[in-house]
Trainee: 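Have a look at the structure that comes next, please.
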Amino acid sequence: MKKTGMKSTAALLCAFLVSTLISGCAAQPKTDQPDVSPKTQFDVVEKADVVIVGGGGTGISAALTAVENGAESVILVEKLPELGGFMRMKTGQFSAANTTLQIEQGLTEDTVERYEKEILKFGNSNGGHPIEYLVKSYAENATEAWEWVYEMGVKDYPFMTDKDGNKVIVNPGHMPYEYNRTYVPMPKEDSKLANPVIEVMLKELEKQDKIQVFTSVAGTKLITNEKGQVCGAEGVGTDGKTYQFHSNYGVIMSTGGYAANPKLFEAYSTDLHNLISASLSSDDGYGLRMMQEVGAGITEEAMSWIETYPKGMVNEGSTTQGVNGSTGTYYTGGILVNILGERFINECAWDDEVRNAGLKAQPESYMFEIFTDKILEDTQGTLRGAYDSFKEGGIYRSRLVEANTLEELAEKLQIPVETFVQTVEDYNKAVEAGVPDQFGREFEVKPNENRVEAINKIEGDRFYALKLQPIVLSSRGGILVNDKNQVTTAEGTVIPGLYAGGEVVGQMWGKTIAPGVGMNGAVTWGRITGRNIMNLPMEEGYEVKPAPDMFDLSLFEKDTAAVSGVDFKDLTDGVYEGTADGMNAAVKVSVTVSGGEITEINIVEHQESSGISDPAIQQMPEKIIEAQSSKVDAISNATITSNAIKQAVENALQ
């Protein structure tokens with residue numbers, strides 16, 4: 001498995017391994033275990049001051065912070081081929097109070113207390129209730145965390161701005177804060193990653209000679225000693241090698257949530273229909289199970305809090321994975337209808353939860369965005385629009401259903417024609433009347449008061465629809481921690497040496513996450529856990545035993561299904577091109593056929609996430625050529641890119 005870090009010369013490595021194999025779980029200064037015998041069972045055995053399982057934003061931040069606080073060696077273990085997790089895949093909103101950006105913009109009235117109060121307001125909405133001591137801890141540390149990455153290099157990146165050119169903006173896509181404190185750093189022209197925060201942290205990580213990184217290694221078990229202290233972790237690589245990592249100061253678990261594990265969702269909630277996920281495949285929740293094995297409690301109630309978004313576009317060839325996206329045309333005159341052809345909601349409501357709850361209540365939990373060319377064009381320049389993605393030639397244009405008449409559109413959508421046409425006519429009359437309709441939708445642009453960006457009727461020579469369904473990005477349940485992010489049992493007993501940060505911690509935000517705390521929370525929890533693991537004493541005398549409500553292993557078993565695809569036979573010689581939707585954009589392939597068989601497949605164009613998609617880009621063409629078929633298994637942890645390549649080859653050879 002990939003291993004980085006400057007402890008890589010033969011002499012240093014040999015010396016390091018000799019000392020670790022002799023000392024095992026021995027710790028200086030926090031644990032006092034007897035020596036253990038050299039390993040006989042594991043392919044790789046390493047030791048460090050701190051072991052971190054999970055290499056997303058929280059894990060990277062924790063590793064860097066542990067070194068700042070005196071760690072001489074840190075091991076960072078990541079299940080995916082590259083570090084960065086979900087933050088690597090996209091840019092995002094960050095928020096914090098009383099920051100440099102706010103002060104430069106003349107926004108000097110923000111406070112930590114005000115920020116904390118607003119986060120709690122979001123968290124307590126919709127029947128949720130956050131863990132207040134965690135919100136307080138976050139708010140008190142968030143500004144330092146943001147300024148840390150800002151000074152690390154984020155300040156040199158461009159930022160999303162509002163119409164007046166301000167970098168501190170009203171957050172796009174969510175209900176707004178009462179005070180501007182949202183920041184959206186954007187990639188540079190030469191950036192390799194979409195998220196500047198991850199990009200600068202990874203560059204900082206490369207400078208460190210005290211941090212060893214192991215990728216494509218999944219954590220499987222925590223190691224404890226006779227004093228009840230967590231002093232390491234075990235893992236297994238995608239190549240089958242086994243790993244044992246010993247730690248002097250304990251383990252930080254930052255393995256993310258379980259948004260990619262529908263079995264765990266279904267175990268706690270039965271009201272979901274046609275739910276899809278935009279999460280990484282590594283977010284299966286197994287990190288929770290690892291901690292339960294040593295007695296950790298979970299936030300039982302929050303396990304059933306499943307926040308979905310009403311913007312799920314299912315990936316081609318999949319029924320469970322998708323993209324979180326929307327045209328945003330309902331803000332410029334479009335409407336939302338269900339499979340009965342009826343409107344059901346105020347499409348321009350501030351809170352996405354209004355659309356979300358409305359969608360989940362519809363038959364089969366499907367809805368369609370209905371709009372025209374004029375309505376789509378009017379999304380240009382708005383913070384909430386997605387014009388470039390859906391315009392002619394846009395990466396998501398192929399997802400649109402197009403028609404010359406409303407009747408034709410209804411037939412293509414397989415919804416009742418007469419009802420749909422009447423729905424549009426009633427809506428157009430409401431636009432003409434100019435007063436709020438029966439759903440409370442307004443037909444007047446009121447900047448910063450409503451989400452109406454433009455007034456349009458649904459009329460013209462061309463009509464469009466986009467099918468959407470509920471999509472989940474993150475999970476709400478998770479492990480219990482105290483105010484120092486030490487993992488505890490259900491009764492509140494601290495498990496010595498075990499810390500957790502990020503999405504793996506349950507209920508901290510409540511049901512509804514405030515804008516910017518998901519991204520900045522990853523950095524902040526890394527800072528908190530990295531400091532605490534190095535500075536807090538490790539208790540003794542804990543009785544290690546499994547939690548009574550431990551997840552059944554069956555919840556983590558991968559269902560086997562027949563591999564779909566096409567057998568390629570008696571092909572006509574030539575060079576063919578095909579495309580299919582990938583994770584971020586279309587994947588384009590060139591397929592060469594010679595002697596009636598596929599002899600070469602080249603990935604001509606793609607915008608897949610660097611690192612995560614690389615194994616699929618490298619291996620899928622070879623697998624298809626060898627089998628002369630697209631009925632081949634996807635590459636683990638790169639299934640969306642794998643399926644896109646398979647589909648693109650099929651499209652090329654149709």
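Just so you know, residue 1 is the first one in the sequence shown, and it goes up from there.
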Trainee: Closest approach of Gly92 and Met519, non-hydrogen atoms and distance?
Mentor: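 Here Gly92 and Met519 meet closest at CA-CE, 4.0 Å.
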
Trainee: Would you say the side chains of Trp148 and Glu68 form a donor-acceptor pair under 3.5 Å?
Mentor: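 Yes, because at least one side-chain N or O of Trp148 sits under 3.5 Å from a partner of the opposite role on Glu68.
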
Trainee: Quick one: does any side-chain atom of Thr58 pair with a main-chain N or O of Gly526 as donor and acceptor, under 3.5 Å?
Mentor: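 No: the side chain of Thr58 does not pair with the backbone of Gly526.
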
Trainee: Between the main-chain N or O of Val523 and the side-chain N or O of Ser61, is there a donor-acceptor pair closer than 3.5 Å?
Mentor: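 Between the backbone of Val523 and the side chain of Ser61 there is a qualifying donor-acceptor contact (under 3.5 Å).
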
Trainee: With under 30° as parallel and over 60° as perpendicular, where do the rings of Trp509 and Tyr138 fit, or are they tilted in between?
Mentor: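 Because their plane-to-plane angle is over 60°, the rings of Trp509 and Tyr138 count as perpendicular.
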
Trainee: Please answer whether the main-chain N or O of Leu80 pairs with a side-chain N or O of Thr215 as donor and acceptor at a distance below 3.5 Å.
Mentor: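 Here the side-chain-to-backbone pair does not exist.
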
Trainee: Do the rings of Phe265 and Tyr258 sit parallel, tilted or perpendicular, given the 30° and 60° boundaries?
Mentor: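 Judged by the thresholds at 30° and 60°, the geometry between Phe265 and Tyr258 is tilted.
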
Trainee: So, does Ser216 use its side chain to make a donor-acceptor pair with the main chain of Gly237 at under 3.5 Å?
Mentor: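 Not confirmed, Ser216 side chain does not pair with Gly237 backbone.
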
Trainee: Locate the shortest heavy-atom distance separating Ile298 from Gln292; write the atom from each residue and the value.
Mentor: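 Scanning both residues completely, I find the closest heavy atoms to be CG2-NE2, 3.6 Å.
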
Trainee: Taking Arg531 as the fixed residue, which of Asn69, Asn141, Thr65 is the one that meets the side chain to side chain donor-acceptor pair (under 3.5 Å) rule?
Mentor: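 Passing option: Asn141.
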
Trainee: Measure across Met201 and Leu64 and return the closest heavy-atom pair with its distance rounded to 0.1 Å.
Mentor: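 Distance-wise, the nearest heavy atoms are O-CD1, 4.0 Å.
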
Trainee: Is there a side-chain contact between Leu76 and Glu78 (heavy atoms, below 4.5 Å)?
Mentor: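 Sidechains of Glu78 and Leu76: no contact.
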
Trainee: Yes or no on side-chain contact (heavy atoms from CB on, under 4.5 Å) for Tyr396 and Val323, after CA distance, side-chain angles and deciding distance?
Mentor: CA-CA 10 Å; Tyr396 296 139; Val323 176; 3.3 Å; yes

Trainee: Can you find a pair of side-chain heavy atoms, one from Ile252 and one from Trp525, that are under 4.5 Å apart?
Mentor: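 The answer is no, as the side chains (C-beta and beyond) never meet within the 4.5 Å cut-off.
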
Trainee: Before giving the answer on salt bridge (Lys or Arg N to Asp or Glu O under 4.0 Å), spell out for Lys203 and Glu206 the whole-Å C-alpha distance, their side-chain angles and the decisive distance to 0.1 Å.
Mentor: CA-CA 5 Å; Lys203 289 179 180 178; Glu206 291 175 356; over 6 Å; no

Trainee: Return yes if some donor-acceptor pair links the side-chain N/O of Arg88 with the main-chain N/O of Leu83 below 3.5 Å, else return no.
Mentor: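 Here the side-chain-to-backbone pair exists.
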
Trainee: Using a strict threshold of under 4.0 Å (side-chain N to carboxylate O), is an ion pair present between Glu204 and Lys207?
Mentor: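 Salt bridge: yes.
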
Trainee: Only one of Thr255, Asp283, Val487 clears side chain to side chain contact (heavy atoms under 4.5 Å, CB included) with Val504; which?
Mentor: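 The single option meeting the side chain to side chain contact (heavy atoms under 4.5 Å, CB included) with Val504 is Thr255.
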
Trainee: Taking the side chain as every heavy atom from C-beta outward, state whether Val217 and Val236 have any atom pair closer than 4.5 Å.
Mentor: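 The answer is no; the side chains never approach within 4.5 Å.
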
Trainee: Any sub-3.5 Å donor-acceptor pair from Ser247's side-chain atoms to Gly232's backbone N or O?
Mentor: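 No: the side chain of Ser247 does not pair with the backbone of Gly232.
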
Trainee: Could you check whether any side-chain N or O of Thr308 sits under 3.5 Å from a backbone N or O of Val472, counting only pairs where one atom can act as donor and the other as acceptor?
Mentor: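 No, the answer is negative, given that no donor and acceptor are paired below the 3.5 Å cut-off.
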
Trainee: Would the distance check show the side chain of Lys646 and the main-chain N or O of Val632 forming a donor-acceptor pair, the cut-off being under 3.5 Å?
Mentor: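 Yes, because the side chain of Lys646 sits within donor-acceptor range (under 3.5 Å) of the backbone of Val632.
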
Trainee: Determine the interplanar angle of the Tyr286 and Phe556 rings, folded into 0 to 90°, and report it as parallel if under 30°, tilted if 30 to 60°, perpendicular if over 60°.
Mentor: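 Rings of Tyr286 and Phe556: perpendicular, over 60°.
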
Trainee: Less than 6.0 angstrom separating the ring centers of Tyr183 and Tyr150, yes or no?
Mentor: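 When the ring centroids of Tyr183 and Tyr150 are compared, they turn out to be at least 6.0 Å apart.
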
Trainee: So, does Asp49 use its side chain to make a donor-acceptor pair with the main chain of Glu72 at under 3.5 Å?
Mentor: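 Such a contact is found between Asp49 side chain and Glu72 backbone.
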
Trainee: Any sub-3.5 Å donor-acceptor pair from Gln93's side-chain atoms to Pro515's backbone N or O?
Mentor: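 Here the side-chain-to-backbone pair does not exist.
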
Trainee: Is there a side-chain hydrogen bond (donor to acceptor under 3.5 Å, both in side chains) between Glu503 and Ser475 once you walk through the steps?
Mentor: CA-CA 7 Å; Glu503 193 180 337; Ser475 48; 3.0 Å; yes

Trainee: Testing the basics here: between Met290 and Lys221, what is the closest heavy-atom pair and its distance to 0.1 Å?
Mentor: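 Residues Met290 and Lys221, closest heavy atoms: CE-N, 3.5 Å.
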
Trainee: With a sphere of 6.0 Å drawn around NZ of Lys545, does it hold more than 12 non-hydrogen atoms of other residues, nucleotides or ligands?
Mentor: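 Counting neighbours around NZ of Lys545, 12 or fewer heavy atoms of other residues, nucleotides or ligands fall under 6.0 Å, so no.
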
